[in-house]
Chemist: 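Dropping the structure in here first, questions after.
The sequence lines fix the lettering, A, B, ..., with proteins before strands; numbering per chain opens at 1.
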Amino acid sequence: MLKESCCGANQRRVIHLHRLMPEKTYDHNQIELRWYERWAGQDLYKAEEDSSRPKYYVLEMLPYPSGALHIGHIRNYSIGDALARYKWMRGFNVLHPMGWDAFGLPAENAAIANKQPPCEWTHSNIAKMKATHRRFQFSYDWDREVTTCEPEYYRWNQWFFLKMLERGLAYRKKALVNWCPECGTVLANEQVVDGCCWRHESTPVEQRALEQWFFKITQYTDQLLHDMKQLEGNWPERVLTMQRNWIGRSEGTEADFGSDYGPIRVFTTRVDTIFGATCVILAPEHPLAERMIDAAGRARAKAMVDARANKDPGDMEKEGFFTGKYAVNPYNGERVPIWIANFVLTTYGTGAIMAVPAHDERDFEFCSKYGIPIRAVIRPVEGRLALPAPMKEAFPDDGITENSGEFSGLPSDEARRRMTAKAEKDGFGKAAVTYRIKDWGVSRQRYWGTPIPVVHCANCGVVPVPESELPVLLPTNIQITGRGRSPLEDVPEFVNATCPKCGGPARRETDTMDTFVDSSWYFYRYCDPHNDRAPFDPKKISYWFPIDQYIGGVEHAILHLIYSRFFTKVMRDIGLVENDEPVKKLFTQGMVIAEGAKMSKSKGNVVGGDAVAERYGTDTARLFVLFAVPPEKEMDWIDAGVEGIYRFLGRVYRFATRNVERARQRSGNQTDADRKILRKLHQTIRKVTEDFETRWHFNTSIAAVMELMNDLYGEETNLSGVVLADVLEKLALMLGPFAPYLSQELWKELGRDGPVFQQTWPAYDADLAKEAEAEIVVQVNGKLRAHLSTPFGTPEDVLRQKALEHPKVRPFVDGKQIMKVIVVPDKLVNIVVR
RNA sequence: GCCCGGGUGGCGAAAUCGGCAGACGCAAAGGACUUAAAAUCCUUUUCACCGCAAGGUGAGUGCGGGUUCAAGUCCCGCCCCGGGCACCA
């Protein structure tokens, strides 16, 4: 077995150094191909429930099957795979699955571009990418593969939808969509470029209101916020902050301004400034607005809505107009004008605000522009009230109220409390909490997604498809033209349905689900992927969950992860799962850029996994993405750097193969070099183990192994066979999580059997790792002057004495007054002189 | 504007608890081997100055202050870069 792999051309003799020991050239292609074939079809990474071992669920975010794995994917999977293999070696029962986020818009675009059905396009992409996965030997249990566009999967999306509907968590309401009048179709946000259609660059996108489906995530807002406590410390602080901002909870007051059209309710966090309100402003979509203005006004309001949809709010000029009507401030009875303006959002608060230009920057900007009066009612705690005339900018800070009737002279927070209490007492308002987060719009007017399982019946209205009739299959014979509201509307055999309630003719819902629905629960399906009676067996979930480690890009910090948390809470309330949160620990890896530029297809600088594997092998590719920078940092792919790693693996391989014979014979006696190398070996094991257990800075782990290799080259001929055998064995094991092919090859060369990841992770011996003597740094006035080698535990006074006597120290000390000597045992002596 | 990260040699980086700044790798230079090259192996490589040399001296972690025997690391102020949020009332 050993000999058959080393053909003559591979061998040469290193005469000058190593006494005629044959070494082999590192031929990555041959090694990787051989093990690839050996392992094919062996189900090496199969996971099964086993209560006798601690479980470990490691998960990388499933990819969209775009056609090829690029180096960003490789980085993500190399981190997860190293961890999975390490955990196996530490005795854990590891679940490490993979799947495909296979629904989505690009498949439809591809269908339009090259007339290939989305299903076909998707499956051929999956096949290509899976081949790359296998080539890299990422340790997935492929029996558990989940492909979200398969009916076996998406029927459970539909099932969850029905559960949401039952619990009042799915509902319909009108919502605006982007509409291209040229295509006659709905556009996704990413298809809107500079306010115009991506395919018709001069056609402005309009806003149209359609009935659409929503999930009531707002019902869980407080839980989503509260349960973040369970995640603190285990999720990146940055992600939690982003989610908190996204939810955007703010406490304030709602109050009614009176008007001829009924009360106008406004929300404010600064009710303490309400005596400074000089107008009320409605969002252009506000229901009262329509009644207050004429046709010309309505046209202006509509134009505002369209313009706002496609512009970056940051560079939009504030605009508005006076309705001609007035509102009454409930606190002082003052009559103020009612305006309509583009910067007031209908989607936040009550869709109406009071404008207090003196104390709000936006209101200040708006009111200054239109000559609306500015009246200060808050003064700085130590300062005077601003005068209206020379006011150059708003004073938005808290302070002391003035000119506020009975509430004058109070600190802002006290004023807020008392004024809110008055609103509640007099019945014109109340304390209120508002959130930025909105209900999750799940409707997409698209073909390539999960059909929403309801029908519309003329007699019965919206009727859910019975569970027993799931899945509602997505038709496959379809022409994608990019025209019309949804491609599904052109498929009569899909649209024409029977009402499950009355048996009469009905129209099937043609909206499909947002693909975030697919990815909100796929990690549960991995635990029971072939179940055809339920989304999964709860018993399996309670064994594997929560996910111990989730690894993916920070770009999913908000949507995917918040939706996943929401789904878990709903599933828990249905009684399917026990955990509050799906993911115990989250790791967000940095982006990969190529030679200084963001990788993109249009730039043509995408570094493909296969190309790198071809040239250097997959072990080199994996090791390099882990070695270049710590995994959480952005990484620049530079070809030259890869060469260094390839050289390193070659060094390991050559060293091992030319010493394996000596190692097997365990010849020679203990030497000084042995002790030195053993120390280094155990220091290296300690370093690599600590990196796995704490920060995952694999760049330093790999650097440590390189140092060990450098030392081995220095002492090669001085080592005994016993120590060589020990070092080579542990080297192979330590490289296992990073370079599975090479480490397996070394393992075999050492005459050992079985996959490396099924071996036990080497333990380090703290005594062996300990340096023989302490290196003491001697400083004078903080400057390094000498080193001392002393036994560990040398008493302080001895260290002080030795330091003062050191010939390199004397010139800096002699003739000077010694003020102080600081001694840190086993570490440092600092002599302070004057 | 607000909230996070970050700024260290020619480059990627290391220094994990306030204790030798630059581990490891890339690039570069020199040497060995070779007819030659590649590959490989060995050496040098923060900057400035002194020295024939061994070696020595000084400066140095974005900038300015501070705390400390001692600061890349802690504190205050500023500059720059990256990311997220951004009319959220």
Chemist: Kindly point out which of rC41(B), rA89(B), rG19(B) is positioned nearest to the side chain of I353(A)?
Modeler: rA89(B)
Chemist: If you only use heavy atoms from C-beta on, which nucleotide in rA89(B), rA14(B), rC20(B) is closest to the side chain of Y348(A)?
Modeler: rA89(B)
Chemist: Just checking R249(A): does its CZ atom have more than 12 heavy atoms from other residues, nucleotides or ligands closer to it than 6.0 angstrom?
Modeler: yes
Chemist: Side chain of K318(A): nearest nucleotide among rG19(B), rC87(B), rG25(B)?
Modeler: rC87(B)
Chemist: Does E771(A) reach the side chain of Q683(A), with side-chain heavy atoms less than 4.5 Å apart?
Modeler: yes
Chemist: Check the distance between rA13(B)'s P and D636(A)'s CG and give it to me in whole angstrom.
Modeler: 9 Å
Chemist: Taking the minimum atom-to-atom distance to the side chain of N710(A), which one of rG19(B), rC87(B), rC24(B) wins?
Modeler: rC24(B)
Chemist: Identify whether the glycosidic angle of rG7(B) places it syn (within 90° of 0) or anti.
Modeler: anti
Chemist: Can you tell me the distance, in whole Å, between the CD1 atom of I822(A) and the C1' atom of rG18(B)?
Modeler: 13 Å
Chemist: Check every atom of rG25(B), rC87(B), rG12(B) against the side chain of F343(A) and return the nucleotide holding the closest atom.
Modeler: rC87(B)
Chemist: Are any of the side-chain heavy atoms of T684(A) and Y764(A) separated by less than 4.5 Å?
Modeler: no
Chemist: Tell me the interatomic distance from H556(A), atom NE2, to rG84(B), atom P, rounded to whole angstroms.
Modeler: 13 Å
Chemist: Pick the nucleotide of RNA chain B nearest each of W246(A) and T350(A); which residue has the one closer to the 5' end?
Modeler: W246(A)
Chemist: Can a donor-acceptor pair be found between the side chains of S250(A) and T269(A) at a distance below 3.5 Å?
Modeler: no
Chemist: Using side-chain hydrogen bond (donor to acceptor under 3.5 Å, both in side chains) as the criterion, list what pairs up with Y331(A), not counting sequence neighbours.
Modeler: none
Chemist: If you check every side-chain atom of F627(A), which of rG25(B), rA70(B), rU40(B) has the closest atom?
Modeler: rG25(B)
Chemist: Determine whether the side chains of Y86(A) and E693(A) contain a donor N or O and an acceptor N or O closer than 3.5 Å.
Modeler: yes
Chemist: Does K827(A) put a side-chain nitrogen or oxygen below 4.0 Å from OP1 or OP2 of rC20(B)?
Modeler: no
Chemist: Over how many whole Å does the gap from R800(A) atom CZ to rC69(B) atom C1' extend?
Modeler: 13 Å
Chemist: At under 4.0 Å between heavy atoms, how does the protein contact nucleotides 1-7 of chain B? Give one character per nucleotide, 5' to 3', with B, S or -.
Modeler: --SS---
Chemist: Take the angle between the ring planes of Y26(A) and Y646(A) and call it parallel below 30°, perpendicular above 60°, tilted in between.
Modeler: tilted
Chemist: From the list rU57(B), rG56(B), rA15(B), which nucleotide is the closest neighbour of the side chain of R695(A)?
Modeler: rA15(B)
Chemist: What does V344(A) touch in the nucleic acid at a heavy-atom separation under 4.0 angstrom: a base, only the sugar-phosphate, or nothing?
Modeler: base
Chemist: Dot-bracket, RNA chain B: Watson-Crick or G-U, under 3.5 angstrom, [ ] crossing, | other strand?
Modeler: (((((((..(((......[....))).(((((.......))))).(((((....)))))..(((((..]....))))))))))))....
Chemist: Among rC26(B), rG84(B), rC87(B), find the nucleotide with the atom closest to the side chain of M242(A).
Modeler: rG84(B)
Chemist: Please evaluate the base of rC69(B) for a donor-acceptor partner in the side chain of K820(A) within a cut-off of under 3.5 Å?
Modeler: no
Chemist: Report yes if at least one side-chain N or O of R654(A) is closer than 4.0 Å to OP1 or OP2 of rC41(B); otherwise report no.
Modeler: yes
Chemist: With heavy atoms under 4.0 Å as the rule, sort G248(A) into base, sugar-phosphate or nothing.
Modeler: nothing
Chemist: Decide, yes or no, whether a salt bridge links E690(A) with R695(A) under the criterion of side-chain N to carboxylate O below 4.0 Å.
Modeler: no
Chemist: Once you apply a heavy-atom cut-off of 4.0 Å, does F812(A) come out as touching a base, just sugar-phosphate, or nothing?
Modeler: sugar-phosphate
Chemist: With P as the reference atom in both, quote the distance from rA36(B) to rC63(B) in angstrom, rounded to an integer.
Modeler: 50 Å
Chemist: Sticking with atom C1', work out how far rA28(B) lies from rG12(B), rounded to a whole angstrom.
Modeler: 16 Å
Chemist: Rounded to the nearest Å, what distance is computed from the CE atom of residue M706(A) to the C1' atom of nucleotide rA13(B)?
Modeler: 12 Å
Chemist: Hey, is the side chain of K783(A) poking within less than 4.0 Å of OP1 or OP2 on rC20(B), counting only N and O atoms?
Modeler: no
Chemist: Does OP1 or OP2 of rC42(B) have a side-chain N or O of R651(A) closer than 4.0 Å?
Modeler: yes
Chemist: Atom CG of L649(A) and atom C1' of rA39(B): how far apart are they, to the nearest Å?
Modeler: 16 Å
Chemist: Looking only at side-chain atoms of E707(A), point me to the closest of rU57(B), rC24(B), rA89(B).
Modeler: rC24(B)
Chemist: Mind checking Q779(A) for me? I need base, sugar-phosphate or nothing, with any heavy atom below 4.0 Å counting as a touch.
Modeler: base
Chemist: So, is Y713(A) close to the rC41(B) phosphate, meaning a side-chain N or O under 4.0 Å from OP1 or OP2?
Modeler: yes
Chemist: Just call it for S250(A): base, sugar-phosphate, or nothing, with non-hydrogen atoms closer than 4.0 Å on any strand.
Modeler: sugar-phosphate
Chemist: Expressed as a whole number of Å, how far does the C1' atom of rA54(B) sit from that of rG72(B)?
Modeler: 32 Å
Chemist: Tell me: CZ of R785(A) to P of rG58(B), nearest whole Å?
Modeler: 5 Å
Chemist: Starting at atom NE2 of H359(A), determine the distance to atom P of rC87(B), rounded to an integer number of angstrom.
Modeler: 23 Å
Chemist: With C1' as the reference atom in both, quote the distance from rG65(B) to rC79(B) in angstrom, rounded to an integer.
Modeler: 15 Å
Chemist: So do V554(A) and R238(A) actually touch side chain to side chain, heavy atoms under 4.5 Å?
Modeler: yes
Chemist: Quantified in whole Å, what is the C1' atom distance between nucleotide rG10(B) and nucleotide rU45(B)?
Modeler: 11 Å
Chemist: Taking atom C1' in both rC41(B) and rU34(B), what distance in whole Å separates the two?
Modeler: 13 Å
Chemist: Using a cut-off of 4.0 Å on non-hydrogen atoms, how would the nucleic acid contact of V832(A) be classed: base, sugar-phosphate, or nothing?
Modeler: sugar-phosphate
Chemist: When rounded to the nearest Å, what value does the distance between C1' atoms of rC74(B) and rC17(B) take?
Modeler: 13 Å
Chemist: Taking the six-membered ring of Y713(A) (Phe, Tyr or Trp), confirm whether the NZ or CZ of R651(A) is under 6.0 Å from its centre and within 45° of its axis.
Modeler: yes
Chemist: For rC17(B), measure the glycosidic angle (O4'-C1'-N9-C4 for a purine, O4'-C1'-N1-C2 for a pyrimidine) and name it syn if it falls within 90° of 0, otherwise anti.
Modeler: syn
Chemist: For N76(A) and Q589(A), does a side-chain donor sit closer than 3.5 Å to a side-chain acceptor?
Modeler: yes
Chemist: Write down the distance separating the C1' atoms in rC20(B) and rA15(B), rounded off to the nearest Å.
Modeler: 11 Å
Chemist: Base, sugar-phosphate, or nothing: which does K808(A) touch, judged by heavy atoms less than 4.0 Å apart?
Modeler: sugar-phosphate
Chemist: Given rA39(B), is OP1 or OP2 found less than 4.0 Å from the side-chain N or O atoms of R647(A)?
Modeler: no
Chemist: According to the interplanar angle, ranging from 0 to 90°, do the rings of F624(A) and W637(A) count as parallel (below 30°), tilted (30 to 60°) or perpendicular (above 60°)?
Modeler: perpendicular
Chemist: So, are E775(A) and K827(A) salt-bridged, with charged N and O less than 4.0 Å apart?
Modeler: no
Chemist: Do P373(A) and R375(A) come within less than 4.5 Å of each other through their side chains, counting heavy atoms only?
Modeler: no
Chemist: Does a nitrogen or oxygen in the side chain of N781(A) sit under 4.0 Å from OP1 or OP2 of rA70(B)?
Modeler: no
Chemist: Would you mind telling me which of rC24(B), rC69(B), rC20(B) lies closest to the side-chain atoms of L784(A)?
Modeler: rC20(B)
